[in-house]
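Just so it is clear, the values below take in all heavy atoms, side chains as well, and ignore hydrogens, waters and symmetry mates. We count residues from 1, following the sequence as given.
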Amino acid sequence: MEVAQLTRYVDTANAARLEGTLSPTGRVSTEGALRARASAAAAAERARAITAGTPYKWQVGHGPDTTWTGSAVGREWHDQTQRVNASLGGSSRAYPIGYRPTIFQVKFVDGRLYPQITGG
């Protein structure tokens with residue numbers, strides 16, 4: 001289940017990257033007003049899902065995270081366990097503000113990378 005959540009997030013982030021919908025200035029700070037708007041957007045999505053009869057089981061996750069898009073609303077919403085949501089958010093702090101990713105990947109505990117890059 002968590003592996004599927006991670007790979008879905010990576011696929012979504014890479015799709016956003018290829019579509020050009022990541023922040024044009026690279027990674028942005030999510031402190032202050034942007035954090036408040038992103039949290040409010042996630043709360044509104046949670047409420048919308050409950051009203052629609054399709055509640056989230058875990059946390060409402062931004063796909064991709066606000067730090068990569070600069071937007072309070074991501075490309076799509078993901079149902080993520082607290083561990084996955086915290087891991088994805090925490091991993092972005094390894095990159096400086098302004099960093100522009102060339103690919104999003106996840107490295108599993110067995111050392112495999114997803115997506116695996118071949119050639120070149």
Side-chain angles (χ1 to χ4, degrees):
M1 153 196 60
E2 288 182 325
V3 168
Q5 292 174 17
L6 288 168
T7 57
R8 178 178 179 210
Y9 177 87
V10 167
D11 289 342
T12 300
N14 281 317
R17 179 183 54 82
L18 292 171
E19 292 167 356
T21 57
L22 296 181
S23 166
T25 61
R27 181 176 173 258
V28 300
S29 172
T30 57
E31 295 179 2
L34 181 56
R35 168 55 40 221
R37 288 194 315 272
S39 295
E45 170 57 16
R46 177 173 294 285
R48 184 216 54 81
I50 290 168
T51 300
T54 56
Y56 284 77
K57 183 174 182 179
W58 298 292
Q59 293 186 346
V60 178
H62 289 80
D65 281 334
T66 298
T67 196
W68 298 116
T69 63
S71 174
V73 178
R75 183 176 187 270
E76 56 189 57
W77 296 107
H78 292 185
D79 198 357
Q80 299 170 336
T81 64
Q82 190 279 331
R83 184 165 73 167
V84 167
N85 191 277
S87 176
L88 291 167
S91 66
S92 66
R93 289 191 290 276
Y95 301 93
I97 299 299
Y99 177 83
R100 294 180 185 185
T102 56
I103 190 167
F104 288 88
Q105 288 182 298
V106 62
K107 185 175 185 178
F108 296 109
V109 293
D110 64 4
R112 287 178 304 119
L113 289 175
Y114 178 86
Q116 189 174 34
I117 301 171
T118 58

*Asks:* Tell me, do Thr7 and Phe108 make a side-chain contact under 4.5 Å, heavy atoms counted?
*Replies:* yes
*Asks:* So, applying side-chain contact (heavy atoms from CB on, under 4.5 Å) with Pro64, which one of His78, Arg17, Arg75 is it?
*Replies:* Arg75
*Asks:* What's the shortest heavy-atom distance between Thr81 and Gln5, and which atoms?
*Replies:* N-OE1, 2.9 Å
*Asks:* So which heavy atom on Tyr114 is nearest to which on Val10, and how close?
*Replies:* O-CG1, 3.9 Å
*Asks:* Roughly how far apart are Ile97 CD1 and Arg27 CZ, rounded to 0.5 Å?
*Replies:* 4.0 Å
*Asks:* Can you check whether Gln80's main-chain N or O pairs, donor with acceptor, with Asn85's side chain at less than 3.5 Å?
*Replies:* no
*Asks:* Quick check: closest heavy atoms across Ala72 and Leu34, and the distance to 0.1 Å?
*Replies:* N-CD1, 4.0 Å
*Asks:* Would you please name every residue forming a side-chain hydrogen bond (donor to acceptor under 3.5 Å, both in side chains) with Tyr99, sequence neighbours left out?
*Replies:* none
*Asks:* Under a 3.5 Å distance rule, please check whether Asp110 uses its side chain to pair with a backbone N or O of Arg112 as donor and acceptor.
*Replies:* yes
*Asks:* Which value, rounded to the nearest 0.5 Å, describes the distance between Trp68 atom CH2 and Leu22 atom CG?
*Replies:* 8.5 Å
*Asks:* Measure the CG-NZ distance between Asp79 and Lys57 for me, rounded to the nearest 0.5 Å.
*Replies:* 8.5 Å
*Asks:* Got more than 12 heavy atoms from elsewhere within 6.0 Å of CZ, Arg83?
*Replies:* no
*Asks:* Using side-chain heavy atoms (C-beta onward) and a distance below 4.5 Å, is Thr21 in contact with Thr69?
*Replies:* no
*Asks:* Please name the pair of heavy atoms, one in Gly89 and one in Ser92, separated by the smallest distance, quoted to 0.1 Å.
*Replies:* O-OG, 2.7 Å
*Asks:* Before we go on, tell me: are the rings of Tyr56 and Trp77 under 6.0 Å apart, centre to centre?
*Replies:* no
*Asks:* Could you state the interatomic distance from OG (Ser91) to OH (Tyr9), rounded to the nearest 0.5 Å?
*Replies:* 7.0 Å
*Asks:* Counting heavy atoms not belonging to Glu19, are there more than 12 under 6.0 Å from its CD?
*Replies:* yes
*Asks:* Looking at Arg35 and Thr30, what are the two nearest heavy atoms and their distance?
*Replies:* CB-O, 2.6 Å
*Asks:* Is there a continuous path of hydrophobic side-chain contacts, each under 4.5 Å between heavy atoms, that joins Val3 to Phe104?
*Replies:* yes
*Asks:* Ala38 and Thr66: which non-hydrogen atoms are nearest, and at how many Å?
*Replies:* CB-OG1, 3.5 Å
*Asks:* Do side-chain atoms of Arg37 reach the backbone of Gly32 as a donor and acceptor pair under 3.5 angstrom?
*Replies:* no
*Asks:* Does the side chain of Glu45 reach to within under 4.5 Å of the side chain of His62, using non-hydrogen atoms?
*Replies:* no
